[in-house]
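Model, not experiment: these values are computed from the prediction. We count ligands from 1, going down the list as the structure has it; atoms in each ligand are counted the same way.
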Amino acid sequence: MIKRQQSDNIPIIKEEALSKIRIAHSTVELEEIYSFYLGRKGILRNFLITIGQFPAAKRPDYARNIHEAIKAIDMAARDKRGQLLLVEIKNKRSSFDITMPGIAVKRGHLHPLTLVERKIEHIFNSMGFGIIEGPEIEDAWHNFDALNIPPDHPARELWDTFWIKSKISGRAGKAPKSKLLLRTHTSPMQIRYMETHQPPFKIIVPGKAYRFEATDASHEFQFNQIEGLMVGEDVSVANFKFVVQAFFEHFFGKEINIRLRASYFPFTEPSFEVDIRCLFCSGRGCSICARSGWLEMGGAGMVHREVFKAVKYDVSRVQGFAFGFGLERLAMMKYKIPDVRLFNSGDIQLSQQF
Ligand code: FA5
C-alpha cells in the first residue's frame, strides 16, 4: 500500500511516483498510483491548496515545484497507460476464440398498436380522410355537454370518468366554463374540429381515451380509439356502410360481412353498433364471438342535430356520420391477441412477433 508523504519534500514524492509508474504492471494498478498522487484527493492536489499558507517569499518556488511535479507525473502516467493498453489489448486478442458463436444483436420492433394505427391511417387517407389529433386532457363541455350529454344526463354514467382536480377550467375566456377530465372517448374532437371548420369534410382522429373502470381481457383503463367524422350536404347511412365495409376489407385483407345493429349514443341519431362476421369461425359460432357469429367493432351513427347546433352549423343544410372504433379491438382481431392487457405489459416477446 502506498504511504502518505511529508508535504515539504516534493522532489522525493515526485521521484517515488515516477518509479512506481515505471514498474506498474496493469492499467488498474496505474490508475491507483495516479489517483494517490494526482487524483481529486491526491497528495499533490492537497499541496496545491496549501500554497496560500506558505511564507510569501518562498511561495513562487514552492508553487513551481508542485506544478512541475504534477506535470512530470501526469506525462509519465500517460505514456505508461499507452504502453500498458497495447499489451492488454494484445493479450485479449490472443485469447479470442473465433469458433465461439456470436452474440445476436437485438433489433427493435414496432408495437402492434403502432402497426395497426399506421395501417388504419393509410386506408382512410387513401379514401380522402384527413388525420387529426386532439388533447387527452379535455373539458367536460367538449367531452359531454356539446355531445348532447348535459350534467344530469344518465348517459354520463356510460363513461366512467377520471376527473382532474384543477383551478383552471376548460374554454378559457368563453362561457360555459367546465371541469377538466381525461377524455373518455375521442368524440370530443368532433366538436373541436367542427368549431373551427366548415363542411364538407371527412376526418379520422386516432388517440388515447381513459375510463375509470376495472380491467379484464377486453377492457383497459387506458386504450385507443379511432374516431371518424364525415359531414356534408347529403352524407347518408349508405355512405357510412360503404366506407366501413371498404375499411374492414382493406384492414383484414379479405371479404367482410358487416351488420349495423340499433343502439344508443346521445350524440348520434339513429345510432348503431357495427358488427363484422366472426373472423375466427366464419359466423358458425365460437368462444371468441360468444357463439353469436358476430364481433362488435364499435359505435356509430348519424350526427345528432343537437351536436350540429352546439357548433352553430345550419341543421337544415348539413348531415353526416360519425363512428368510434377501439384500436386494441381491431389489433386483437387482426393478430389474434387474446387479452387487451398484453399491449401495455411491456413484454418484448409480444412485439417481436410482428
Ligand atoms: C364510444 O366511445 C363512442 N364515442 C363511439 C361513437 C363515436 C359512437 C361516434 C357514435 C359516434 P363505446 O363506449 O362503445 O363508444 O366505445 C367504442 C369502442 O371503444 C368499443 O367498441 C371498444 O372497442 C372500445 N373501448 C371502449 N371501452 C374500452 C376499454 N375500457 N378498453 C378497451 N377498449 C374499449
Participant: Report the residues that fulfil side-chain contact (heavy atoms from CB on, under 4.5 Å) with Glu117, sequence neighbours left out, ordered by chain and then residue number.
Facilitator: Glu121, Pro206, Leu327
Participant: Taking atom CG of Leu44 and atom NZ of Lys71, what is their separation to the nearest 0.5 Å?
Facilitator: 15.0 Å
Participant: Salt-bridge test for Lys309 and Asp314: reply yes if a basic N is under 4.0 Å from a carboxylate O, no otherwise.
Facilitator: no
Participant: With sequence neighbours left out, write down each residue that passes salt bridge (charged side-chain N to carboxylate O under 4.0 Å, His left out) with Glu133, or none if nothing qualifies.
Facilitator: none
Participant: Given Phe124, which partner from the list Phe251, Phe325, Phe323 fulfils the ring pair (Phe, Tyr, Trp, His ring centres under 6.0 Å) test?
Facilitator: Phe323
Participant: Provide the full list of side-chain hydrogen bond (donor to acceptor under 3.5 Å, both in side chains) pairs with a residue in residues 272-286, sequence neighbours left out, each pair given once.
Facilitator: Arg259-Asp275, Arg261-Asp275, Ser263-Glu273
Participant: Near ligand 1, which protein residues have a heavy atom under 4.0 Å away?
Facilitator: Trp159, His185, Ser187, Gln190, Arg211, Glu213, Ser218, His219, Glu220, Phe223, Gln225, Glu227, Phe265, Phe267, Thr268, Met297, Gly298, Gly299, Ala300, Ala322, Phe323, Gly324, Gly326, Arg329
